[in-house]
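This report refers to the structure that appears directly beneath it.
Source: prediction; values computed, not measured. Positions are given from 1, in the same order as the sequence printed here. Start at 1 and go down the list; that is how both ligands and their atoms are numbered.
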Amino acid sequence: MAIADDPFIFEACEPLIRGGKRLRPMLFIMCANSKVDCPPEKTMPLATALELIHTASLVHDDIIDTSKKRRGVETANSKYGAQIAVLVGDYLFAKAFQLVAENNYSSEVQMILSKLVKNLCVGEIMQDRSLFEVPTLNEYYTRINLKTAIFLSSCCRLGAGVAEMDRREVDNLTAYGSGLGLAFQIIDDLLDFFGDEKITGKPHGGDLKSGVITLPVIRALEISDEASTLRKIVTTGGNVDAAIKIIQATDAVDYCRTRAEAHIESARINLPLTLKTSVALALEQVADFIVDRTR
Ligand code: FPP
Ligand code: MG
């Protein structure tokens with residue numbers, strides 16, 4: 001399927017779409033194949049729509065964060081300006097819903113998609129209304145749930161629906177996706193500080209520069225001897241490298257990893273025992289990948 005007939009829109013979307021991990025469509029397809037092999041005609045359009053919604057949200061996220069690089073390539077806002085980038089994001093978003101409509105997915109599917117997009121927006125608005133403010137642990141979790149966990153759990157729920165699993169299995173796969181999502185975002189927030197830019201494809205320290213305060217900072221503020229210096233840096237947009245040094249001198253990295261591992265463990269426990277062996281193994285591997293990932 002071509003992303004866009006218009007050569008300019010194609011050129012604007014293609015580099016970003018080419019680079020992703022495809023985690024969301026992969027989860028959906030795996031869950032859809034939980035019981036018996038599911039024909040690709042039933043999964044591909046919705047799998048594509050999920051990746052397009054995610055990509056649209058990243059295009060908009062990069063405008064909000066004024067990010068210059070994503071997935072190793074220049075962002076749409078940096079290349080074409082925010083005005084065009086908003087429309088590129090809208091285009092991808094519309095394309096996703098075109099695929100859903102053309103392929104006659106049920107109203108329940110449409111409802112799950114609409115809710116997940118609303119949650120993405122609420123999470124993002126919550127984040128942007130409290131820039132340069134230190135969130136409580138609860139506020140941090142609410143935000144990462146809305147921004148990431150609900151998206152991944154929705155992919156699993158949609159797949160379980162296609163596989164016609166029973167209520168309990170659907171709920172368990174949804175809980176698996178939610179644990180995965182929380183862990184994914186915690187690791188993402190760690191990588192923002194300590195990841196290798198060449199591998200993550202985006203400059204490090206971006207969260208702090210744009211005023212987004214995440215778990216490594218919340219932890220370091222709790223236990224560092226230099227907490228007051230760190231607080232001043234993160235609430236005023238000060239020197240990111242100095243902040244990273246203070247965080248690194250605490251147990252914040254181990255603390256975040258331990259929390260991420262706990263969410264992965266809870267995801268694993270929720271995997272239904274009724275899954276096809278190949279799918280159960282694949283979903284276990286996805287769980288391993290989330291905590292070990294470097295990008
Ligand atoms: C990336 O996370 C961004 C998100 C998970 C969600 C962004 C959502 C929106 C902009 C609203 C929804 C918009 C549409 C069109 C569906 P991050 O900022 O934590 O990670 P990053 O370091 O990769 O930017
Ligand atoms: Mg961002």
Nearest neighbour in protein (non-hydrogen) for atom 15 (C) of ligand 1: His60 ND1, 3.4 Å
Nearest-0.5 Å distance, CG of residue Leu275 to SG of residue Cys31: 7.5 Å
Contact check, Gln127 vs ligand 1, heavy-atom distance below 4.0 Å: no
Cationic N near anionic O, under 4.0 Å, Lys68 to Asp62: no
Atom 21 (P) of ligand 1: the protein heavy-atom neighbour that sits closest, reported with distance to 0.1 Å: Lys202 NZ, 3.4 Å
Distance (rounded to the nearest 0.5 Å) between Leu271 CG and Leu180 CG: 9.0 Å
Any donor-acceptor pair under 3.5 Å from Asn103 side chain to Tyr105 backbone: no
Polar atom proximity, Thr148 to ligand 1 (N or O, under 3.5 Å): no
Numbered atoms of ligand 1 (with element) below 4.0 Å of Phe93, judged on heavy atoms: 16 (C)
Heavy atom of the protein closest to atom 7 (C) of ligand 1 (residue, atom name, distance): Glu124 OE1, 3.3 Å
NE2-CD1 distance between His263 and Ile290, expressed to the nearest 0.5 angstrom: 12.5 Å
Heteroatom proximity flag, Asp61 to ligand 1, N/O under 3.5 Å: yes
Other residues, nucleotides, ligands: >12 heavy atoms within 6.0 Å of Arg268 CZ: yes
Qualifying salt bridge (charged side-chain N to carboxylate O under 4.0 Å, His left out) pairs, either residue in residues 234-253, two or more places apart: Arg219-Asp251
Residue pair Asn138 / Thr136, side-chain donor-acceptor N/O under 3.5 Å: no
Pairs involving residues 121-149, ordered by first then second residue, that meet salt bridge (charged side-chain N to carboxylate O under 4.0 Å, His left out) (sequence neighbours left out): none
Protein N, O or S within less than 2.8 Å of the Mg ion (ligand 2), waters excluded: Asp61 OD2, Asp65 OD2
Any N/O pair Lys147/ligand 1 closer than 3.5 Å: yes
Closest protein heavy atom to atom 20 (O) of ligand 1, given as residue, atom name and distance to 0.1 Å: Asp188 OD2, 3.4 Å
Short side-chain donor-acceptor distance under 3.5 Å, Tyr80 and Glu11: yes
For Leu58, the ligand 1 atoms whose distance to one of its heavy atoms is below 4.0 Å: 1 (C)
Pair Tyr140, Asp189: side-chain N/O donor-acceptor within cut-off below 3.5 Å: yes
Only distances under 3.5 Å count here; give the side-chain donor-acceptor pairs of residues 112-120 to other protein atoms, sequence neighbours excluded, each with its distance to 0.1 Å.
{"residue": "Ser114", "atom": "OG", "partner": "Gln110", "partner atom": "O", "Å": "2.5"}
{"residue": "Asn119", "atom": "ND2", "partner": "Lys115", "partner atom": "O", "Å": "3.1"}

Any Arg70 heavy atom less than 4.0 Å from ligand 1: yes
Test of proximity, Ser57 against ligand 1: N or O pairs below 3.5 Å: no
Identity and distance of the protein heavy atom lying nearest atom 12 (C) of ligand 1: Cys121 SG, 3.8 Å
